[in-house]
K.L.:
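Following this message is one structure expressed as structure tokens.
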Amino acid sequence: MMARENKVNLIEITVPEVVSEPVDFQVEDLWIRSTVSGGTIIRFEAGNTSARVQGSMLDVGSSDVVMEDINFVWQVPSDRVSGGSLFEVHENTLLRLTDCSITVSNPNPDLLERLYAFDVIAAASRFGDATVGEPEVHIELNNVVVRGEMTMLHMGEAVRLELDWDNGLLAVSGNMIDTGGTRAEDVEERSRIELEFWRVTVHALSLIHI
């Protein structure tokens, strides 16, 4: 990615709509914002190749990423896709969305439990180095709408997660959070999920599914 190669930390989008293939950020302290009134729509397409049958549209990695005034839209193809996410988030990450929306349009009901707005990826081998008292992943949503035929957040293996949401709407056909177990011995500290919601309306099958 050009931002990583040129050590760019601020990206301003000046057009009302962008069509993008999957993007790998992996940039420390990246700030992306739209300067367009009403925000910019970023519409994701998986491209014409059939190699990418499952994956993420935005791989945040282990970085601090802030996004403002962006409306993310993923029209999931009816074929070639076996699952995936809009955001892939790794450990030691802060992802902050402000004045944004996330829309996942999924025409295949069989993919409901395999499509996510956020997919949190844990490196099990690093659990021993986790710092007690500090969250592994922090997702902050301010004035954000999340909607679609999907599960909002998935963790294949539970990690420490903080999800703070101020003013928003969640309307998904699946669960709000779908999480597996943990390999860590200190389960209480290292796999704790902390939720802080203010003025958020939630419509989902369940809040947390284990």
Side-chain angles (χ1 to χ4, degrees), residues 10-13 15-20 22-23 25 27 29-44 56-76 84-90 92-106 112 115-121 135-155 159-179 193-209:
L10 171 62
I11 297 175
E12 291 188 336
I13 304 175
V15 295
E17 183 168 354
V18 175
V19 177
S20 174
V23 177
F25 281 145
V27 178
D29 300 323
L30 182 61
W31 182 16
I32 302 175
R33 66 185 182 190
S34 170
T35 61
V36 178
S37 177
T40 294
I41 297 173
I42 298 183
R43 199 177 304 277
F44 290 98
S56 62
M57 297 297 102
L58 287 166
D59 188 346
V60 177
S62 296
S63 309
D64 291 349
V65 178
V66 176
M67 300 185 178
E68 296 180 359
D69 294 305
I70 299 177
N71 302 301
F72 300 95
V73 177
W74 182 21
Q75 176 67 51
V76 180
S85 64
L86 189 52
F87 290 91
E88 182 175 312
V89 183
H90 292 243
N92 303 318
T93 296
L94 166 64
L95 176 61
R96 178 182 295 123
L97 305 181
T98 300
D99 298 328
C100 294
S101 68
I102 294 173
T103 303
V104 176
S105 181
N106 167 29
L112 178 62
L115 287 174
Y116 323 111
F118 306 96
D119 193 9
V120 177
I121 308 297
E136 289 286 339
V137 173
H138 186 180
I139 298 175
E140 183 179 313
L141 308 177
N142 304 297
N143 305 323
V144 171
V145 173
V146 180
R147 58 197 170 194
E149 298 82 18
M150 60 174 173
T151 284
M152 174 179 163
L153 188 148
H154 170 261
M155 292 192 296
V159 299
R160 289 176 56 84
L161 170 71
E162 279 191 6
L163 174 59
D164 298 336
W165 198 343
D166 183 6
N167 191 31
L169 169 67
L170 172 66
V172 294
S173 302
N175 303 306
M176 185 178 77
I177 296 177
D178 190 353
T179 181
I193 297 175
E194 296 184 6
L195 306 177
E196 292 192 22
F197 286 8
W198 300 270
R199 301 172 297 169
V200 178
T201 301
V202 174
H203 174 82
L205 286 178
S206 64
L207 295 183
I208 301 179
H209 179 260

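Everything quoted here is computed from the prediction, not taken from an experiment.
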K.L.:
Is any side-chain heavy atom of R33 less than 4.5 Å from a side-chain heavy atom of V66?
P.N.:
no
K.L.:
Nearest heavy-atom pair of P22 and S56: which atoms, and what distance?
P.N.:
CB-O, 3.6 Å
K.L.:
If we only count heavy atoms from C-beta on, is the E149 to L115 side-chain gap below 4.5 Å?
P.N.:
no
K.L.:
Does any donor atom in the side chain of D164 or H138 lie under 3.5 Å from an acceptor atom in the other side chain?
P.N.:
yes
K.L.:
Would you call T35 and E12 a side-chain contact if the rule is heavy atoms closer than 4.5 Å?
P.N.:
yes
K.L.:
From T179 OG1 over to I208 CD1, what is the distance, rounded to the nearest 0.5 angstrom?
P.N.:
8.5 Å
K.L.:
Before you tell me yes or no, could you show the steps for I177 and L195 under side-chain contact (heavy atoms from CB on, under 4.5 Å), namely the whole-Å CA-CA distance, both residues' side-chain angles and the distance that decides it to 0.1 Å?
P.N.:
CA-CA 11 Å; I177 296 177; L195 306 177; 3.8 Å; yes
K.L.:
For the backbone of V36 and the side chain of S34, can you confirm whether one donor and one acceptor N or O come within less than 3.5 Å of each other?
P.N.:
yes
K.L.:
Which atom pair, heavy atoms only, marks the closest approach of V23 to S20?
P.N.:
CG2-OG, 3.4 Å
K.L.:
Let me confirm one number: the CD-CD distance from E136 to E162, rounded to the nearest 0.5 Å.
P.N.:
11.5 Å
K.L.:
As an exercise, state the distance from CZ of R147 to CG of L169, rounded to the nearest 0.5 Å.
P.N.:
8.0 Å
K.L.:
Can E68 and D99 be said to form a side-chain contact (heavy atoms from CB on, under 4.5 Å), step by step?
P.N.:
CA-CA 6 Å; E68 296 180 359; D99 298 328; 5.9 Å; no
K.L.:
How far does CG of L163 sit from CD1 of I193, to the nearest 0.5 angstrom?
P.N.:
9.5 Å
K.L.:
For T93 and G61, indicate whether the former's side chain and the latter's backbone hold a donor-acceptor pair under 3.5 Å.
P.N.:
yes
K.L.:
Taking all atoms of both residues into account, what is the closest heavy-atom pair of V137 and H90, and its distance?
P.N.:
CG2-O, 3.5 Å
K.L.:
Between I139 and F87, is there a side-chain heavy-atom distance shorter than 4.5 Å?
P.N.:
no
K.L.:
If we ignore angles and hydrogens, is there a donor and acceptor under 3.5 Å between the side chains of Q75 and S105?
P.N.:
yes
K.L.:
Which pair of non-hydrogen atoms, one from L205 and one from S173, has the smallest distance, and what is that distance?
P.N.:
CG-O, 3.2 Å
K.L.:
Do you know which of T40, I102, I41 makes side-chain contact (heavy atoms from CB on, under 4.5 Å) with F72?
P.N.:
I102
K.L.:
Are any non-hydrogen side-chain atoms of L161 and L153 less than 4.5 angstrom apart?
P.N.:
yes
K.L.:
Say you draw a straight line from CG of L170 to CG of L141; how long is it, rounded to the nearest 0.5 Å?
P.N.:
9.5 Å
K.L.:
Would you give the length of the straight line joining atom CD1 of I70 to atom CD1 of I13, rounded to the nearest 0.5 angstrom?
P.N.:
4.0 Å
K.L.:
Under the 3.5 angstrom rule, does the side chain of D64 hit a backbone N or O of L94 as a donor-acceptor pair?
P.N.:
yes
K.L.:
Identify whether the distance between the nearest side-chain nitrogen and carboxylate oxygen of R96 and E140 falls below 4.0 Å.
P.N.:
yes
K.L.:
Would you name the heavy atoms of L30 and I32 that are closest together and state the gap between them?
P.N.:
CD2-CD1, 3.8 Å
K.L.:
Tell me whether T151 contacts the main-chain N or O of G174 through its side chain, where contact means a donor paired with an acceptor under 3.5 Å.
P.N.:
no
K.L.:
The test is side-chain contact (heavy atoms from CB on, under 4.5 Å); show your working for I42 and M57 and say whether it passes.
P.N.:
CA-CA 11 Å; I42 298 183; M57 297 297 102; over 6 Å; no
K.L.:
Please confirm whether F197 and W165 have ring centers closer than 6.0 angstrom.
P.N.:
yes
K.L.:
Please give me the minimum heavy-atom distance between M67 and C100, naming the atom from each residue.
P.N.:
O-SG, 3.7 Å
